[in-house]
Amino acid sequence: MTDVTIRIGLTGGIAAGKSTVSAHLCDLGAFVIDYDELAREVVAPGSEGLRRIVDSFGADALDERGELNRAWMAEQVFSGQTSAGMRKRLDDIEHPLIYQLALRREREAMAANPQAVIVHDVPLLAEVIDDMPVRFDHIVTVEAPEDMRVRRMMATRNMSEEQAWARVGHQSSAQERMAIADVVIDATHNIERMFEDVDRLYAQWRLEAR
């Protein structure tokens, strides 16, 4: 029997519940590549990514500890008239480095288990899918209404309502995410129902890997 690696793209609106789904897939045995984690790794102190950001944005991009000043960067790329250009500058630095690291993680997973279910957890998948060096067997998006997500960000991320809506506005729409997905998980359901849906999906993917 031929070994098959199943590659899943996982996305969703900010604060919709994607991380909860991702964590459950990991518990089930999937190999999860967390692109938020990769994004932190490629700008760690001493990294090539951080050096390029400082070269492009200036010394204000660093905090007093020599780490990426995330609050300052968020102000540059999520607010103001020049934010779109600023965000593109940042993406042009980070994304190629993130993709390189993701491919390395994938090779490690495939070497350990040729029948792996590999989940690429990509918050902005709809925006970057055409530029990614991987293609997916299935794409899942986790969705919840925008007002619910804004309330969650205000409650759990210490954001103002204006900041939360700005984050929502800088992402693809639910319609754009659903246009690339073959599975939509409704995050307005209770967590037990969500996990049942994910369990069924994972069982299906494991069969495809065999």
Side-chain angles (χ1 to χ4, degrees), residues 7-19 21-22 32-63 65-107 118-136 139-143 146 149-150 153 157 159 162-181:
R7 186 184 283 129
I8 308 299
L10 175 64
T11 192
I14 185 170
K18 175 182 62 61
S19 296
V21 171
S22 180
V32 176
I33 302 174
D34 183 336
Y35 278 56
D36 280 340
E37 182 180 298
L38 300 186
R40 290 189 290 271
E41 189 169 339
V42 300
V43 297
S47 66
E48 177 185 357
L50 186 59
R51 178 186 59 77
R52 290 184 185 179
I53 288 172
V54 173
D55 288 345
S56 180
F57 288 89
D60 286 337
L62 293 177
D63 64 17
R65 295 172 299 182
E67 299 177 356
L68 183 65
N69 189 334
R70 297 185 183 279
W72 185 86
M73 289 300 305
E75 285 295 319
Q76 309 310 305
V77 302
F78 292 118
S79 63
Q81 294 182 340
T82 63
S83 61
M86 292 286 197
R87 181 175 173 183
K88 185 178 187 308
R89 281 166 58 188
L90 183 63
D91 289 348
D92 287 346
I93 294 168
E94 290 187 335
H95 286 183
L97 298 173
I98 290 169
Y99 299 151
Q100 291 174 18
L101 195 52
L103 290 174
R104 189 186 313 162
R105 296 280 194 274
E106 191 174 80
R107 287 193 295 269
I118 301 177
V119 176
H120 290 250
D121 180 345
V122 191
L124 304 179
L125 183 58
E127 291 94 327
V128 302
I129 189 168
D130 291 335
D131 299 323
M132 293 184 69
V134 296
R135 290 294 176 262
F136 301 106
I139 295 177
V140 178
T141 186
V142 183
E143 297 296 334
E146 289 183 351
R149 292 157 47 206
V150 166
M153 282 185 276
R157 307 189 187 195
M159 289 185 182
E162 182 181 4
Q163 289 171 325
W165 278 110
R167 291 298 181 93
V168 170
H170 278 79
Q171 282 196 328
S172 58
S173 67
Q175 290 75 20
E176 289 170 318
R177 289 188 296 271
M178 288 188 285
I180 66 168

Does anything in residues 34-44 pair up under salt bridge (Lys or Arg N to Asp or Glu O under 4.0 Å), and if so which pairs, sequence neighbours excluded?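 Counting only pairs at least two positions apart or across chains, the salt bridge (Lys or Arg N to Asp or Glu O under 4.0 Å) contacts touching residues 34-44 are Glu41-Arg105.
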Compare every heavy atom of Ala164 with every heavy atom of Val150, then report the nearest pair and how far apart it is.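 Scanning both residues completely, I find the closest heavy atoms to be CG1-CB, 3.8 Å.
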On a heavy-atom basis, which atom in Glu143 and which in Gly13 lie closest, and how many Å separate them?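 Looking at all heavy atoms of both residues, the closest pair is OE2-N, 4.2 Å.
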Residues forming a side chain to side chain contact (heavy atoms under 4.5 Å, CB included) with [X], sequence neighbours excluded:
| X | value |
| --- | --- |
| Glu106 | Arg7, Ile33, Leu103, Met110, Ile118, His120, Val134 |
| Arg157 | Ile14, Ala15, Met153, Met159 |
| Glu127 | Arg87, Leu124, Gln171, Ser172 |
| Thr11 | Leu125, Thr141, Arg177 |

In Å and rounded to the nearest 0.5 Å, what is the [atom1] to [atom2] distance from [X] to [Y]?
| X | Y | atom1 | atom2 | answer |
| --- | --- | --- | --- | --- |
| Leu90 | Leu68 | CG | CG | 7.5 Å |
| Lys88 | Asp92 | NZ | CG | 3.5 Å |
| Tyr35 | Leu10 | OH | CG | 11.5 Å |

List the atom pairs, donor and acceptor, that lie under 3.5 Å between side-chain atoms in residues 46-63 and the rest of the protein, sequence neighbours left out.
{"from": "Ser47", "atom 1": "OG", "to": "Val42", "atom 2": "O", "distance (Å)": "3.0"}
{"from": "Ser47", "atom 1": "OG", "to": "Ala44", "atom 2": "N", "distance (Å)": "3.3"}
{"from": "Ser47", "atom 1": "OG", "to": "Ala44", "atom 2": "O", "distance (Å)": "2.6"}
{"from": "Ser47", "atom 1": "OG", "to": "Leu50", "atom 2": "N", "distance (Å)": "3.1"}
{"from": "Glu48", "atom 1": "OE2", "to": "Arg52", "atom 2": "NE", "distance (Å)": "3.0"}
{"from": "Glu48", "atom 1": "OE2", "to": "Arg52", "atom 2": "NH2", "distance (Å)": "2.1"}
{"from": "Arg51", "atom 1": "NH1", "to": "Asp55", "atom 2": "OD2", "distance (Å)": "3.3"}
{"from": "Ser56", "atom 1": "OG", "to": "Arg89", "atom 2": "NE", "distance (Å)": "3.3"}
{"from": "Ser56", "atom 1": "OG", "to": "Arg89", "atom 2": "NH2", "distance (Å)": "3.1"}
{"from": "Asp63", "atom 1": "OD1", "to": "Arg65", "atom 2": "N", "distance (Å)": "2.9"}
{"from": "Asp63", "atom 1": "OD1", "to": "Gly66", "atom 2": "N", "distance (Å)": "3.1"}
{"from": "Asp63", "atom 1": "OD1", "to": "Glu67", "atom 2": "N", "distance (Å)": "2.9"}

Can you tell if the side chain of Val128 reaches within under 4.5 Å of the side chain of Asp91, non-hydrogen atoms only?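 Not in contact.
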Of the options Met86, Gln163, Arg70, which is the one that meets Glu75 in a side chain to side chain contact (heavy atoms under 4.5 Å, CB included)?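 Between Glu75 and the candidates, side chain to side chain contact (heavy atoms under 4.5 Å, CB included) is satisfied uniquely by Gln163.
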